[in-house]
Amino acid sequence: MHQPQGFVDPDHPDYVCRLRRSLYGLKQAPRAWFQRFAKFITGCGFRGSVCDPSLFVHQSGSETAYLLLYVDDIILTASTDALLCRFIDLMKREFAMSDLGPLHHFLGITVTRSSSGLFLSQSLYAQDIIALASMTKCNPVTTPVDTNSKLSATSGPALSDPTLYRSLAGALQYLTFTRPDISYAVQQVCLFMHDPREPHMHALKRILRYLQRTINHGLFLSVSSISGLTAYSDADWAGCPDSRRSTYGFCVFLGDNLISWSSKRQGTVSRSSAEAEYRGVANAVAETTWLHNLLLELRLPLRRATIVYCDNVSAIYMSGDPVQHQRTKHVEIDIHFVRERVRIGAIQVLHVPSENQYADIFTKGLHRQLFVRFRSSLSVCSSPAQTKGV
């Protein structure tokens, strides 16, 4: 390492320090720790995942175990209690670690287990965000984003001190891990972190007012059969008032459970709504392909094709018709990718009416009735502990 400021040897300013042991917090410390742990756990019979480097899978006959590592936090589950205890004992012998019992808290996410499934919540984290903004007594609202306006990069005066805005926007990004209903609203306010203005702060405070109303909401994962992957894809064509780029969003269900979602602004300007929708489909297909491969590594192969729902008929035609070359040559790469998946039978792109297009919640502001219905369809609900006695 370089000599620390204030402790530079005047006779040898170009010398570096030789470390006799790793210091916690060095940039290379996580890499060294991961290599050390991966070497040990693979020696115990686990195999590292190709799709997710932090995942390790053990398969021996009918015995299966999964281990998920994030720095020094570990989730371990196994098909039998005996197998689970064996791996816990092996890790305790090798590393100084504690067994916290059944999963109840991980990386700020509270896990509530019941006979019907798992409830994932970040309510305490949401309360901290609201307190940081000094809005613990704010008036709540029913939706996180206004349906009548689009945020512009040049509207309104600039904030005198953007520090709070950036802190709140960054904190809200992590909250979307269990709150997909605020993904679009958070994505919109994060577009202006480089130069936030007063209308942007008003939009951010509206998200906090919505969280105040739904502080106990989280993501519910129910016990259900794994029948296949189902995705919904949508795009808001030319929705950005400044660049005219489109916002796309998708959500992916494994059986009845929401397992993946996204709300992003497209990197290029689309020349038509069909192109914007098709690019959204391509991103959804890429995500489902990755999930399909991940499930294969988890020894959970899917027996039927993944279904991707889109409410744009032209985009559906483009996914299966190789003739429309002239009007779609500028999106050739995406077309070849999706068409190949459709041709081999891995993907089916089907039409869905707009009133049942759940991905709308990731691309635009919705009225209260539709927003609440879509939020419920995504399994975002209040804590079972809160509703049990109602």
Side-chain angles (χ1 to χ4, degrees), residues 45-68 75-80 83-84 113 115-118 120 180 219-234 249-262 277-278 280-312 315-322 334-353 356-359 362 377-379:
F46 280 83
R47 180 179 56 82
S49 168
V50 177
C51 297
D52 187 350
S54 60
L55 175 66
F56 297 88
V57 181
H58 171 81
Q59 181 74 32
S60 177
S62 60
E63 294 184 332
T64 304
Y66 304 131
L67 186 147
L68 190 63
I75 296 179
L76 174 63
T77 185
S79 55
T80 63
L83 183 63
L84 182 63
R113 187 188 304 268
S115 58
S116 56
L118 297 177
L120 310 181
L219 184 65
F220 184 70
L221 302 177
S222 62
V223 177
S224 62
S225 60
I226 302 177
S227 55
L229 290 173
T230 304
Y232 293 82
S233 173
D234 188 49
F250 64 79
C251 54
V252 183
F253 292 83
L254 178 61
D256 298 330
N257 295 313
L258 178 68
I259 61 170
S260 180
W261 57 90
S262 178
E277 294 277 0
Y278 190 81
V281 169
N283 284 284
V285 170
E287 181 70 8
T288 58
T289 301
W290 177 80
L291 288 171
H292 186 273
N293 293 332
L294 179 62
L295 290 171
L296 284 177
E297 293 190 322
L298 295 176
R299 311 290 179 172
L300 297 172
L302 300 179
R303 302 302 181 185
R304 67 176 180 84
T306 298
I307 298 176
V308 179
Y309 287 110
C310 175
D311 59 4
N312 187 281
I316 296 173
Y317 287 156
M318 290 163 62
S319 67
D321 187 359
D334 287 346
I335 284 181
H336 281 313
F337 167 68
V338 178
R339 283 179 180 169
E340 178 64 19
R341 303 297 297 177
V342 172
R343 186 186 65 80
I344 64 177
I347 298 290
Q348 289 183 352
V349 182
L350 304 178
H351 182 263
V352 63
N356 295 323
Q357 176 54 283
Y358 302 140
F362 300 103
S377 299
L378 299 178
S379 297

task = Check E287 against V252 and note the closest heavy-atom contact, atom names and distance.
result = CG-CG2, 4.2 Å
message = A side-chain contact here means heavy atoms from C-beta on lying under 4.5 Å apart; do Y278 and S319 qualify?
response = yes
task = Mind checking the CH2-SG spacing from W290 to C51? Nearest 0.5 Å is all I need.
result = 6.5 Å
ask   = Are E63 and S79 close enough, and set up right, to give a side chain to side chain donor-acceptor pair (under 3.5 Å), and what steps lead you there?
value = CA-CA 6 Å; E63 294 184 332; S79 55; over 6 Å; no
ask   = Would you say Y66's side chain and L298's backbone share a donor-acceptor pair under 3.5 angstrom?
value = yes
inquiry  = Can you give me the closest heavy-atom contact between C310 and I316, atom names plus distance?
reply    = O-CD1, 3.6 Å
ask   = Distance-only, no hydrogens or angles: does the E297 side chain make a donor-acceptor pair with backbone N or O of R299 under 3.5 Å?
value = no
ask   = Do the side chains of D52 and L68 get nearer than 4.5 Å, heavy atoms only?
value = yes
Nearest-0.5 Å distance that lies between atom CG in L254 and atom CD1 in I226 = 5.0 Å
ask   = Quick one: are V338 and V308 in side-chain contact, heavy atoms under 4.5 Å?
value = no
key: Heavy-atom side-chain contact between D234 and E277 under 4.5 Å   = yes
remark   = In this structure, CD1 of I307 is separated from OG1 of T288 (nearest 0.5 Å) by 11.5 Å
key: Side-chain heavy atoms of L291 within contact of L229, under 4.5 Å   = yes
inquiry  = With a 3.5 Å distance limit and no angle check, can you tell me whether R339 reaches the backbone of M318 through a side-chain donor-acceptor pair?
reply    = yes
message = What I'd like to find out is whether the side chain of W261 reaches to under 4.5 Å of the side chain of L378, using heavy atoms alone.
response = no
inquiry  = Using 0.5 Å steps for rounding, measure from the OG1 atom of T306 to the CD1 atom of I347.
reply    = 4.5 Å
ask   = What is the minimum heavy-atom distance between D256 and S379, and which atoms define it?
value = O-OG, 4.1 Å
query = Hey, is the main chain of S224 close enough, under 3.5 Å, to the side chain of S222 for a donor-acceptor pair?
reply = no
message = Going by the rule ring pair (Phe, Tyr, Trp, His ring centres under 6.0 Å), which residues pair with F220 if we only count those two or more places apart in sequence or in a different chain?
response = none
ask   = With sequence neighbours left out, what residues match R343 under side chain to side chain contact (heavy atoms under 4.5 Å, CB included)?
value = E340
ask   = Where do Y358 and C251 come nearest, in terms of heavy atoms and distance?
value = CB-SG, 4.2 Å
ask   = Are any side-chain N or O atoms of S233 and backbone N or O atoms of G280, one a donor and one an acceptor, separated by less than 3.5 Å?
value = yes
query = Between CG of L302 and CG of N293, what distance do you get to the nearest 0.5 Å?
reply = 10.0 Å
request  = Evaluate the criterion side-chain contact (heavy atoms from CB on, under 4.5 Å) for residue pair F337 and T289; output intermediate values, then yes/no.
outcome  = CA-CA 11 Å; F337 167 68; T289 301; 4.2 Å; yes
note = Note: N283 and F250 closest approach over all heavy atoms is O-CE2, 4.1 Å
task = Give, for atom NE2 of H351 and atom CG of D311, the distance between the pair rounded to the nearest 0.5 Å.
result = 6.0 Å
query = Using 30° and 60° as the class limits, which term best fits the ring planes of Y232 and F253: parallel, tilted or perpendicular?
reply = perpendicular
